[in-house]
Protein chains: 2
Amino acid sequence: MFGIGDLSRATEVKVPTIRYYEEIGLLPAPVRTASNRRRYPPEAVQRLRFIRHARELGFDISAIRDLLSLKTDDGPSCHQADAIARAHLEQIDRRIERLSALRDEIGQMLADCASRACDDQCRVLEVLSDHGHCRHREH
Amino acid sequence: MFGIGDLSRATEVKVPTIRYYEEIGLLPAPVRTASNRRRYPPEAVQRLRFIRHARELGFDISAIRDLLSLKTDDGPSCHQADAIARAHLEQIDRRIERLSALRDEIGQMLADCASRACDDQCRVLEVLSDHGHCRHREH
DNA sequence: GCTATAATCTCTAGTCACTAGAGCATCAAG
DNA sequence: CTTGATGCTCTAGTGACTAGAGATTATAGC
């Protein structure tokens, strides 16, 4: 049986975060000692590691909730888990694309600025002022 | 002179967001009509477009505040603007790298799952449970 | 047994950048 | 003159925590 601090060290999830997860029902409320302290069973480490790892991979809490419910369900849950992960992968791809576009634009902006020796007006501020300079096309 | 709706249409920034920007001091409080409605001068369009464009590029509000103060300052502000943009660029690069690592890991996870025909245990859930399967190295 | 310090508890409020909604006043068009 | 759009203020909600106050309890050294 673990105290909350032990659980925190074992999973590298901060203590207040563990309590928060309990509050939102992501982690089941554990038993308490006579002095009202949380005592966790070993399974809590597994579950919390799962949560942490999924969070690190960028899954949001509701997706993790879905994944956790698939875990406890028995039966053919793999396709659902697969679908969730796949949707998430697509989201990541979109984020990467978008960030790359931003990267290019800011890079271009900086290059323009450098080439003009920055004498009169600042190119960075100019570009930001005028959306017409912008090269990305979405929304 | 514009009403808030006109300003919203001209800049594609939503009305409540404009009011929010005023509240946090990003956009100066405009004059009001006798009936208490906001009336914006043409310069507001410029400023709000600047803000919107910078937000789209992922600058956070405090960075935009810095950039705006550079704009109104006269004198050699280009190097500072450049430094802000450059720091931002580095941040974006780091985000892209991190996302790419996540992408690879999730992609690998899905590939593993597909190759195993998903009969017994789901690979996706397994990988998420066990951080040891993880291939990214930071933090 | 005593004391110091570390860990734990609950509760509230703050973060960021908005978004949503209530409930009211006012404006422009037909 | 009525209708519907637009505007106003104010409060609260979002997501995923984080920070702090103030109280209690556990542990280690003496």
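In what follows, chains carry the letters A, B, and so on, assigned in the order in which the sequence lines appear, proteins first and then strands, with residues in each chain numbered from 1.
Atom CZ of A/R9 is separated from atom P of C/dA6 by 13 Å (rounded to the nearest Å). Rounded to whole Å, the distance from CG on B/D60 to P on C/dT15 is 14 Å. Residue A/K14 contributes atom NZ, which lies 16 Å from atom P of C/dA7 at whole-angstrom precision. B/M1 has its CE atom 16 Å from the P atom of C/dC27, to the nearest Å. One interatomic measurement links the two molecules: CD1 of B/I51 to P of C/dC18, which rounds to 10 Å at whole-angstrom precision.
At a non-hydrogen distance threshold of 4.0 Å, B/R32, B/N36, B/R37, B/R38 from residues 20-38 of chain B come into contact with DNA chain D.
Counting 5' to 3', DNA chain D first comes under 4.0 angstrom of a heavy atom of chain A and last does so at the ends given by D/dA16 to D/dA26.
From A/R103, atom CZ reaches atom CD of B/E90 across 10.0 Å, with rounding to the nearest 0.5 Å. Distance check, rounded to the nearest 0.5 Å: CG of A/L68 to CD1 of A/I64 gives 7.0 Å.
Looking at A/S100, its side chain does come within 3.5 Å of a backbone N or O of A/I96 through a donor-acceptor pair.
A salt bridge is defined here as a Lys NZ or Arg NE, NH1 or NH2 lying under 4.0 Å from an Asp or Glu carboxylate O, and A/E12 with A/R49 fails to meet this definition. A salt bridge links A/E56 to A/R52: at least one charged side-chain nitrogen sits closer than 4.0 Å to a carboxylate oxygen.
For the pair A/S8 and A/I18, the minimum side-chain heavy-atom distance is below 4.5 Å. Here the side chains of B/F59 and B/H88 are in contact, with some heavy-atom distance below 4.5 Å.
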Set out, in order, the CA-CA distance, both residues' side-chain angles and the distance that settles side chain to side chain contact (heavy atoms under 4.5 Å, CB included) for B/R65 and B/L26, then state yes or no. CA-CA 7 Å; B/R65 236 185 267 271; B/L26 203 57; 4.0 Å; yes

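Across all strands shown, A/R19 has heavy atoms under 4.0 Å from base atoms, whether or not it also approaches the sugar-phosphate.
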